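Written below as structure tokens is the structure these notes are about.
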Amino acid sequence: MTDIKHMEARTAEHRPTGQGVTRRESLRIGAVGALSASLQLTRRSWAEAGSGNREADATEPVRTTTGETRIWDGHTHLASIRGEKPADRMAQLIEYADRMRIERLVVFMGWPFAYDPSPDQFRRQNDQVLAAIHDWPDRVLGYAYVNPNHIDHSLEEMQRCIVRGPMVGIKLWVAKRCNDSALDPIVQRATELQIPIYQHTWLKITGNLPGESTPSDLAELASRHPRATLLCGHAGGDWELGIRTVRPFKNILLEVAGGDPTAGFVEMAVRELGAERVIYGSDAGGRSFASQLAKVEAAGITDREKKLILGVNLRRLLSPIFKTKGLKS
Amino acid sequence: MQIIDTNVSLSRWPLRRLPLDETPELVARLRRYGVVQAWAGSFDGLLHKDIAGVNLRLAADCRKHGNGLLVPFGSVNPTLPDWEDDVRRCHEEYQMPGIRLHPSYHGYQLDDARFAHLLELAAERKLVVQITLTMEDERMQHPLLRVPHVDTKPLLEMAGTRPDVPIVLLNAFRSVRAEQAAALASAGNIYFEIAMLEGVGGVGKLLQKVPIDRLLFGSHAPLFIFESALEKLRESALHGRILKGLCTDNARRLHP
């Protein structure tokens, strides 16, 4: 998540205009303001979505890669989207994802956000994500949101959501800095399950939250757990420092979501880490798919490198748990 | 589709080399996506004290590259001695249609009397005034170059008294929310571009609050990736009059 206050404000300010307007009607009246109303809350497969959207396209996507690029977005949220139910919110995210030709979305955390959620709170948020997965099984993946301040409950939640449920990874946010040894049981269990751990990281000149991890904190965790697969969320925000910090730790991958679309970011990440260690994510709905995709699509790197970042790497990370669950990628 | 990009900069970003910071390369990228006009300021205008030299180079670069695509918007710093002559030169010597201000880099607020005087001069010369509210995310600024966002509150009162000056707020949406933008749009002749607009479907959602005729296309290239702004049009499924208004028509009304 990028900027909590900004995102919550945006959630509050985006009021849909109503329901029941078809996509074609919305286009006919030319009412971009009726965008939310035009979102059809139906379940559609990826293939159906692709063909259904083309007639409405205002502009063609910026696709600099040749051939098919299967885009998996490793970082989305149900927050910052209007809707009473997870299904309502997920339908909107899927509609936007269709426009941008994104095949699958990883969702974690529900709403409302809480810096240090109680077990009841993170269970409730995971239930919201489980509902979204239930409605969109071929489009949505989930990471279980846990809190290292509640280790036993977190391990139970991993059992519920991942071992017995459909989720495929772990999300850690800002409850406790990740260099703390309290995280070890969670990381050990995730390593046993062969799932990735997504750790939010920022390095803010304006000051981090008390429990907000930096890339250096993640590097400490990585050195204690060399077999764990760790994702450095947001590349630490200050990506020029984040990239250098995680560079020596081969079990850390860098995630590019949630910061401004600053030119040169992905090029530096690929130069210093190799494309195999860079993962695309958007942080939608607080961020736009557009700005975050452009970081990769417009980067001065090869087609092969773009494809790795936009989907191949994430599929590789998830392949053990997909195999365990019998899922197809 | 033709695009007028109202927010590009030439020369060097002071803190990092950028993939498109050579003007010919920037022009080539803009042309690839149908940009027919780009309103160009200069990164040098942020910190250089010799603003007259900055604007001289900017005008020369715009003449030399792009075959008319680049439209120079000279920097004016009203805290410098004899700044009024920079306004005159921008208008008379370089035939610029507007000027670009960086209040937070130059150390003044929008309730400063010099800013009010600058608007008077702009009105007399029929210049568009661009105000850059920020250049980058405040959380990742260089520790020795921490620059606050420009506070737009004074504009709410001031803009109503100057309907004769079009004011374009650049990089507004890092610090200005949709409701505030709506209030500013109601208060005066104020426009916004989309470079720092975020949130999924952000342009479509903004249009629920701000009239389409106040929105312009802007990329903040080459510091930001040009394609980011372009993809936002697609994400919000803009089309027809709205798409054309945002991409070209609204800007053409300001600079025919």
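Keep in mind that what you see is a predicted model, and the values were worked out from it rather than measured. Chain letters run A, B, ... following the sequence lines, proteins first and then strands; every chain starts at 1.
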Legend entry - Residue part contacting chain A, namely of Leu18(B), when any heavy atom lies under 4.5 Å: side chain
Inset, instruction - Would you please indicate yes or no on a ring centroid separation below 6.0 angstrom for Trp173(A) and Phe113(A)? - result: yes
Inset, instruction - Using only heavy-atom distances, determine whether the side chains of His149(B) and Thr134(B) contain a donor-acceptor pair under 3.5 Å. - result: yes
Inset, instruction - Find the one option among Ala290(A), Ala294(A), Gly237(A) whose heavy-atom pairs under 4.5 Å with chain B are most numerous. - result: Ala290(A)
Legend entry - Aromatic ring proximity, centroids under 6.0 angstrom, Phe108(A) and His75(A): yes
Inset, instruction - Examine whether an atom of Pro143(B) lies under 4.5 Å from a heavy atom of chain A, and if so say whether it belongs to the side chain, the backbone or both; otherwise answer neither. - result: both
Inset, instruction - Name the region of Arg29(B), side chain, backbone, both or neither, that has any atom closer than 4.5 Å to a heavy atom of chain A. - result: side chain
Legend entry - From His200(A), Gln292(A), His77(A), residue fulfilling side chain to side chain donor-acceptor pair (under 3.5 Å) relative to Asp283(A): His77(A)
Inset, instruction - Would you mind checking which part of Leu241(A) comes under 4.5 Å of any heavy atom in chain B, side chain (CB onward), backbone (N, CA, C, O), both or neither? - result: neither
Inset, instruction - Determine, using ring centers only, whether Phe217(B) and Phe226(B) are less than 6.0 Å apart. - result: yes
